[in-house]
Amino acid sequence: MAFDPNNVMQDRITDIGPPSYDKFFPPIIKENFGKWKYHEILEPGVLMHVAESGAALYSVRVGSARLISTEYIREVCAIADKFCDGHMRWTTRNNIEFLVSDKAKLAPLLSDLRGRGSWFPIGGTGNSITNIVHTQGWAHCHTPAIDASGVVKAVMDELFDYFGSHKLPAQVRIALACCLNMCGAVHCSDISILGVHRKPPFVENERVQNVCEIPLVIAACPTAAIKPKKFGERKSVEINNSRCMFCGNCYTMCPALPLADAEGDGIALWVGGKVSNVKSAPMFSKLAVPYIPNEPPRWPTTVQTIKTIVEAYAAGGRRYERVGEWINRIGWERFFEKTGLEFAHEHIDDYRLAMTTWRTTTQFKF
Amino acid sequence: MAFDPNNVMQDRITDIGPPSYDKFFPPIIKENFGKWKYHEILEPGVLMHVAESGAALYSVRVGSARLISTEYIREVCAIADKFCDGHMRWTTRNNIEFLVSDKAKLAPLLSDLRGRGSWFPIGGTGNSITNIVHTQGWAHCHTPAIDASGVVKAVMDELFDYFGSHKLPAQVRIALACCLNMCGAVHCSDISILGVHRKPPFVENERVQNVCEIPLVIAACPTAAIKPKKFGERKSVEINNSRCMFCGNCYTMCPALPLADAEGDGIALWVGGKVSNVKSAPMFSKLAVPYIPNEPPRWPTTVQTIKTIVEAYAAGGRRYERVGEWINRIGWERFFEKTGLEFAHEHIDDYRLAMTTWRTTTQFKF
Amino acid sequence: MALKHATPMLDELEKGPWPSFVSDVKRLAAKGNLMCEDWLGLMELSFKEKEGHWKHGGIVGVFGYGGGVIGRYCDRPDLFPNVAHFHTMRVNQPASKYYNSDVLRKICDLWDAKGSGLTNMHGSTGDIVLLGTTTDQLEPIFYELTHDLKMDLGGSGSNLRSPEGCLGMSRCEWACINTQDIIYDLTQEFQDALHRPMFPYKFKFKSSGCPMDCVAAIARADCSIIGTWRDDIRIDQEAVKGYVGGEIVPHGGAGGPRKDFDIKAEVIDLCPTKCMAFDGKTLKIENSDCVRCMHCIRVMPRALRPGVDTGATILLGAKAPILEGAQLSSVVIPFIKMESPYTEFKEFVEKLWDYWMENGKNRERLGELIQRQGLRELLKAVELEPDPRMVNTPRYNPYIFYDPEKVPGGWEHDATEYRKRHQA
Amino acid sequence: MALKHATPMLDELEKGPWPSFVSDVKRLAAKGNLMCEDWLGLMELSFKEKEGHWKHGGIVGVFGYGGGVIGRYCDRPDLFPNVAHFHTMRVNQPASKYYNSDVLRKICDLWDAKGSGLTNMHGSTGDIVLLGTTTDQLEPIFYELTHDLKMDLGGSGSNLRSPEGCLGMSRCEWACINTQDIIYDLTQEFQDALHRPMFPYKFKFKSSGCPMDCVAAIARADCSIIGTWRDDIRIDQEAVKGYVGGEIVPHGGAGGPRKDFDIKAEVIDLCPTKCMAFDGKTLKIENSDCVRCMHCIRVMPRALRPGVDTGATILLGAKAPILEGAQLSSVVIPFIKMESPYTEFKEFVEKLWDYWMENGKNRERLGELIQRQGLRELLKAVELEPDPRMVNTPRYNPYIFYDPEKVPGGWEHDATEYRKRHQA
Ligand code: SRM
Ligand code: SRM
Ligand code: SRM
Ligand code: SRM
Ligand code: SF4
Ligand code: SF4
Ligand code: SF4
Ligand code: SF4
Ligand code: SF4
Ligand code: SF4
Ligand code: SF4
Ligand code: SF4
């Protein structure tokens with residue numbers, strides 16, 4: 001039965017949930033599910049997983065822009081059909097993996113991919129810089145301080161060499177979020193790119209009462225900077241600018257409190273976070289650079305600063321040492337020295353848990 | 001001129017400050033000040049410091065109750081006269097050091113000290129348990145939840161063997177404070193004995209207005225549990241018992257809010273703090289036992305629990321490893337196992353920085 | 001074909017070796033996709049002005065669901081009428097995102113016909129994100145999705161969000177739990193919570209098969225389910241020799257095809273608990289000291305494997321910074337067996353949600369509630385006993401809220417008797 | 001001689017090998033000291049009832065001073081009239097507590113005549129604590145103290161408290177600064193602040209000669225002055241050989257007279273920054289990586305010594321838990337030369353106090369003020385530049401209070417222009 005706009009309840013299907021996880025498995029995975037024995041990365045981007053049965057699955061990982069069109073997906077499908085009996089998957093970091101059951105098709109697949117211009121860079125495995133987890137930016141969201149896809153493209157272009165190689169001490173995970181909501185694991189990445197506002201919202205007193213629920217707006221502010229205030233006859237709010245740290249949470253609650261601003265907005269860079277429990281426990285990312293101006297279309301200062309950090313790490317990190325582990329070993333004083341970044345007031349925490357970050361020992365390096 | 005009670009201003013001397021630090025130095029220290037070259041502990045309690053000049057100073061350290069009478073001080077003076085030309089000092093942990101410039105007098109001094117009953121135990125150096133830093137308790141303060149000197153005596157009797165020997169992995173510093181004001185380094189000791197109340201203050205509504213400044217009382221409460229309240233015509237305060245964590249700070253501000261109680265009060269034990277910057281940074285002590293009843297005159301449960309902790313450490317700690325470093329290495333799960341202490345709700349922090357203490361990793365031991 | 005809007009700034013992003021979303025979208029726009037054309041123009045304007053041009057959502061959605069669609073309107077419909085409405089539909093992905101070309105082409109067909117043709121593969125939570133359609137298309141799309149693709153919407157708003165896991169047993173030798181089945185099962189079990197707002201705020205499940213945490217559960221999920229084991233690491237001593245002898249590439253090749261493996265420097269010395277020893281022949285692990293960090297296993301995957309008594313560690317409360325600061329998840333169940341149908345775990349979840357729904361304030365994440373009320377309240381609500389594995393360190397402040405039930409007389413004093421003993 | 005009060009519980013504390021304060025006080029009481037007799041009775045009562053029997057102070061003191069005396073009254077003067085008043089006098093100790101028998105006997109004479117004969121040698125802050133006298137004795141004692149003993153009272157109340165240091169250069173080879181002179185000089189310089197309340201709350205200076213911190217300055221002093229060096233550790237390679245060869249007892253004998261010294265296990269491997277190497281002959285230290293933790297030095301005191309370019313690290317804010325939780329001191333000046341007359345340091349202190357006095361609330365310790373206003377405000381007030389050595393880690397929350405002066409247009413938006421670009 002076709003959809004009938006006048007009767008949306010007809011034949012309605014709801015709450016079926018997603019397809020089962022195994023619905024689209026290639027046969028080799030069905031057969032060896034839970035029985036994999038070991039893996040080996042044959043070359044950057046090419047994984048081999050061997051099952052107890054001896055069966056081997058080859059996964060070829062390619063980078064992707066994540067913001068992709070149906071055109072692009074159709075191309076991916078065509079490749080999968082040609083080499084993988086139509087099977088593929090996406091990784092948790094938005095890379096695509098072509099799943100090859102027949103080893104003979106591996107080399108042809110690789111050369112096919114290489115023949116398709118820059119659409120399908122092979123890499124992202126092992127001690128590489130894999131795809132940047134990111135968010136909407138100017139593409140689709142209402143609170144961004146920066147674009148997402150544009151910055152990611154510019155950064156990945158510069159770091160491209162690290163995507164398709166295994167030459168870093170360990171994996172480096174970069175993430176981007178376009179505002180403090182941090183729609184990603186930006187707070188725990190080796191390097192994080194964060195869109196920040198630097199001007200408090202302005203209050204459109206005429207509109208507040210119409211478009212906002214004032215108690216929700218007040219409750220939304222983490223630093224209690226917002227108070228109710230009458231504006232003539234109309235109910236509105238007042239912002240104590242000196243308590244505002246520009247999170248934009250009030251704007252999410254109330255469109256009459258815009259804070260975006262071409263000169264105010266920009267990028268803060270964070271370093272040293274991680275998620276895995278390998279060797280050291282998961283860690284938050286810490287502030288490296290408080291502010292870099294928004295520089296579309298290619299954000300050169302941001303890109304170069306990240307490059308500098310990566311290269312300092314590549315030069316100084318020891319095998320298996322994540323960025324944060326490297327910094328913990330050499331000390332933050334050395335991190336700032338080696339990267340040439342400036343240490344400023346913004347780096348010193350002054351929020352709720354600030355005192356747990358101060359140096360309460362005479363141990364440091366001159 | 002003698003003091004004239006009718007004219008206190010006559011000849012008044014003020015603001016002269018303490019005697020200069022070098023006023024009572026023995027000559028050997030005057031001569032070698034700032035020119036010491038190395039030291040060696042000849043035996044527990046006996047330090048030798050050698051100067052660049054070759055001169056050697058022998059310091060004999062003896063334990064002391066700290067709460068001492070003029071009788072006792074006079075005896076100390078007599079000993080100092082006999083062997084040290086009258087020179088001695090007190091350490092930062094209330095031990096006494098007899099300063100011997102003439103090596104020939106060292107052995108006679110030691111045997112003299114040993115001949116004086118239990119007044120002058122020799123030890124407290126190196127990898128020992130030295131004197132317990134402590135406070136007033138029932139001897140002189142108005143807020144204690146426990147006695148100080150009595151507990152210290154009972155604990156040191158039990159640990160006596162560790163005072164006069166070097167058999168621990170590292171030094172162990174024990175401190176006691178009789179209330180949460182913590183008049184000592186109790187918050188950073190290997191083992192801390194802390195007097196705790198467990199009942200909120202009761203409000204003597206009749207008296208509050210007369211004896212207290214209500215705004216100060218309210219401001220004194222760390223958890224904002226106190227509010228002003230009228231009691232008939234009189235101003236008083238009300239305590240939200242469920243927010244009270246029994247610190248007694250309001251009682252310090254206001255005698256009409258007593259909280260001491262025979263059954264409510266008792267001891268909490270803390271472990272793993274340190275002050276020195278050696279190897280690891282200074283650390284706070286952490287809760288080991290939330291509550292042990294007050295058991296005068298010899299606090300057997302407290303004493304035995306401390307003994308258990310010390311022995312677990314003595315058995316498991318590695319050379320140079322302070323109690324806190326030992327626990328950090330083996331993990332808190334093992335600490336509770338090895339000591340047989342119970343882990344309970346009270347151990348889980350729920351104050352301001354609580355979230356920084358939770359286990360945000362899958363790394364732990366079964 | 002020339003596009004409607006010149007995009008000199010965006011065009012700069014067609015350079016360079018990384019795939020260009022600009023080239024991609026232009027390609028589709030060039031086929032006559034009007035939404036793509038205007039979207040490019042709008043992006044160019046944002047690049048020029050350094051400010052975004054999307055307004056708040058407004059409530060749009062499909063009938064009977066309280067989530068799955070993010071409303072979005074452009075603030076320059078005068079200039080870009082084709083993206084005046086540009087709502088997102090979140091389509092719940094199959095756990096860990098295996099597809100075949102058949103189903104993907106169907107999605108493309110649907111989205112070319114009824115949406116912008118732009119997608120995110122995938123959203124940060126895990127959904128297939130279909131970017132940009134108009135309000136009138138929502139129901140038709142939903143109909144086709146459920147009827148023809150047998151797919152459903154994902155979560156948004158104060159709902160359960162689409163759960164996600166790492167690929168687990170499908171391709172990974174380290175998976176200690178069946179993450180995919182867990183995620184699928186929970187998603188099905190809690191369909192109602194996923195589609196209809198019933199919580200104080202959003203709630204996320206993520207599951208990783210082992211402590212590598214390849215889905216970043218510990219950083220991003222209110223409830224993180226992470227596989228682990230409680231018996232011994234399995235050792236194949238022959239393979240150890242293979243590594244030591246340079247016959248097997250270390251670290252599964254992640255550091256390149258090198259031959260200079262040094263077991264002491266790379267494994268023994270880097271074990272965080274120093275519980276390993278190698279005497280030149282045999283590798284020994286003092287498993288009671290192992291914290292299952294996976295380091296040795298990942299360096300020598302052919303020699304070492306997780307144990308066989310597997311299950312999960314459950315951690316709670318991860319979230320992004322707003323309001324009370326970012327949190328990682330904290331251990332509340334050190335070990336739980338996770339076997340279908342996950343009854344014990346689901347009972348735990350029900351208790352957890354009851355507690356949160358009863359005590360959480362509007363827009364208060366679970367982690368914030370735990371922060372506000374303390375872990376003690378949570379543990380009581382979900383009937384768990386305190387365990388040192390829940391903390392890195394016991395409290396170091398003396399601000400203990402002693403339980404009055406354990407104090408003789410509770411909170412009461414006998415004031416009269418007190419003053420008999422103590423003159424005021 | 002039988003004492004006035006039976007003390008069966010206290011008598012239990014006469015047993016055991018540790019010196020007994022009970023035996024000591026009984027000895028004095030037996031000589032006819034009435035205060036001691038009643039004090040013993042009062043203690044016995046406290047032991048029996050498990051509650052203390054002292055009341056709050058009330059304001060007592062010597063003329064012109066706002067500190068130095070702690071008033072104390074007993075709440076059972078009916079039973080123990082001789083300790084009805086039992087005030088403490090804090091006598092400022094000579095820095096690091098060297099005495100000769102002459103001066104101590106004078107103190108004993110004074111205290112036997114005019115006080116209880118009970119003392120604390122010493123109080124936790126460092127004072128000679130004379131425990132127990134009556135109000136009418138305060139002035140006579142003060143007179144004798146200043147005239148005959150040339151001593152003065154120490155601090156109490158919202159004053160500077162009696163500063164204290166480790167014994168430093170007087171007997172320790174590791175002292176990098178002259179702690180005793182620093183403490184004496186500061187005490188003299190700031191006599192007024194010590195005797196007259198001028199602060200929001202108490203303020204403590206403590207100084208240790210090296211990072212061992214034998215006076216626990218980092219845990220207990222609002223301003224902690226800790227000696228350190230910024231050049232290289234001095235190495236005597238011959239002595240290193242002596243240790244390795246078992247000729248010199250390691251750790252200065254602190255672990256007993258053992259001969260099994262293992263330089264690798266005990267020194268090289270335990271160095272927190274792993275900046276040492278020993279090739280069997282020569283010990284090397286990569287000093288630029290050294291964090292001056294003193295470990296290697298304390299293990300081999302005859303081979304290693306601190307450098308010669310010495311000075312101090314200044315840390316601020318340590319305190320006990322009330323109100324805002326215990327704090328350790330935090331680095332604010334990584335390195336400062338400390339040479340008499342300490343002008344630069346004193347200027348810093350003046351700025352610090354100005355800031356605290358201007359901004360501190362009543363009963364707010366310096367550390368709490370810094371917590372409340374942030375380190376940034378403090379650094380501005382004392383004119384110091386931010387330095388990574390001040391933090392263990394830079395901030396990890398994104399709640400940055402950007403300085404409006406660095407933002408074009410500061411906090412202002414052009415609302416009209418904004419709405420030209422963005423329709424509402
Ligand atoms: C495919 C994917 C899982 C999925 O369900 O999609 C995956 C797959 C594997 N991961 Fe992962 N990880 C994947 C995301 C992650 C994440 C999550 C993230 O980055 O957001 C993490 C945590 C990151 C962090 O700590 O910040 C992650 C931390 C690891 C680690 C830990 C490395 C470390 O030094 O901390 C390993 C072990 C290793 O590589 O040494 C690992 C190892 C592996 C192995 C070797 C597991 C196996 O035996 O198959 C897989 C191939 C790794 C490789 O690419 O070299 N995987 N892995 C994800 C690929 C993402 C991508 O496209 O790049
Ligand atoms: C006399 C005294 C200083 C004073 O001005 O009075 C002192 C004197 C020495 N200390 Fe200390 N320390 C003294 C209190 C401290 C304190 C403060 C405290 O305990 O309240 C500490 C910090 C404690 C802490 O970390 O919790 C302290 C931590 C050290 C350390 C670090 C040990 C460690 O493993 O952390 C050393 C080095 C060592 O012993 O290995 C040290 C070393 C020394 C040396 C060897 C220094 C020297 O070269 O002369 C002295 C003899 C040590 C011994 O007794 O074995 N001293 N030392 C104090 C004696 C107290 C007592 O009567 O027991
Ligand atoms: C689409 C997506 C970003 C992306 O480009 O992938 C996204 C987009 C938005 N997120 Fe998010 N979040 C997305 C994953 C996340 C994640 C990551 C995750 O789920 O693993 C997080 C961090 C983890 C967490 O939940 O804390 C995240 C933390 C937030 C927050 C902050 C929540 C907090 O407690 O701090 C907000 C603010 C809010 O809820 O008001 C938010 C709000 C939003 C809103 C709805 C904007 C708003 O304030 O109303 C964004 C809509 C953008 C749009 O127009 O399309 N989003 N958001 C992700 C969802 C796609 C999907 O379903 O797969
Ligand atoms: C006598 C002494 C304990 C001892 O037995 O040695 C002492 C005794 C008292 N202290 Fe203390 N404090 C003593 C050293 C300390 C120390 C240790 C130090 O100075 O190194 C501390 C911890 C460090 C610090 O300053 O934070 C200390 C932290 C407190 C506090 C909590 C302050 C805070 O900010 O948290 C209070 C509460 C108050 O000020 O109201 C306090 C209050 C008190 C009062 C005045 C009680 C009160 O609330 O009014 C006690 C008087 C007892 C009496 O009747 O004799 N005492 N007090 C110490 C002073 C002797 C001396 O001058 O040498
Ligand atoms: S990070 Fe902020 S701006 Fe970016 S998608 Fe999420 S909510 Fe929108
Ligand atoms: S932007 Fe954030 S901090 Fe500023 S007023 Fe709004 S909610 Fe408060
Ligand atoms: S710790 Fe408390 S009870 Fe003990 S002396 Fe200090 S203030 Fe008094
Ligand atoms: S005892 Fe402490 S927590 Fe309780 S009411 Fe008094 S000040 Fe507040
Ligand atoms: S989390 Fe563990 S089980 Fe899952 S993919 Fe990563 S390594 Fe494999
Ligand atoms: S898993 Fe980690 S902790 Fe366990 S043995 Fe291996 S390296 Fe050590
Ligand atoms: S702090 Fe340093 S200088 Fe002072 S006594 Fe201790 S070891 Fe010596
Ligand atoms: S002082 Fe400490 S950090 Fe420096 S070399 Fe010695 S052990 Fe290493």
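Both backbone and side-chain heavy atoms feed into the values below; hydrogens, waters and symmetry mates do not. In what follows, chains carry the letters A, B, and so on, assigned in the order in which the sequence lines appear, proteins first and then strands, with residues in each chain numbered from 1.
- In this structure, no portion of A/Q171 lies under 4.5 Å from any heavy atom of chain C.
- Considering all non-hydrogen atoms of both residues, A/C247 and C/I322 come closest at CB-CD1, 3.9 Å.
- Heavy atoms of A/C141 lying under 4.5 Å from chain C belong to its backbone as well as its side chain.
- Counting heavy-atom pairs under 4.5 Å between each of C/H53, C/E266, C/Q93, C/K361 and chain A puts C/E266 at the top.
- Residues C/Q188 and A/P18 share a closest heavy-atom pair of NE2-O, 3.4 Å.
- There is no contact between A/K30 and chain C, counting heavy-atom distances below 4.5 Å.
- A donor-acceptor contact shorter than 3.5 Å is absent between the side chain of A/H142 and the backbone of C/R72.
- Panel note: side chain C/R363, backbone A/A220; no donor-acceptor pair is recorded below 3.5 Å.
- Aromatic ring pairs are classed by plane angle as parallel below 30°, tilted from 30° to 60° and perpendicular above 60°; the pair A/H140 and C/W54 is tilted.
- Seen from the ring of C/W18, A/R66 does not count as a face-on cation partner, given the 6.0 Å and 45° thresholds.
- No more than 12 heavy-atom neighbours from other residues, nucleotides or ligands sit within 6.0 angstrom of NZ on A/K35.
- A salt bridge links C/R305 with A/E52: the closest approach of a Lys/Arg side-chain nitrogen to an acidic carboxylate oxygen falls below 4.0 angstrom.
- With respect to C/D109 and A/R74, a salt bridge is recorded, a charged nitrogen being found less than 4.0 Å from a carboxylate O.
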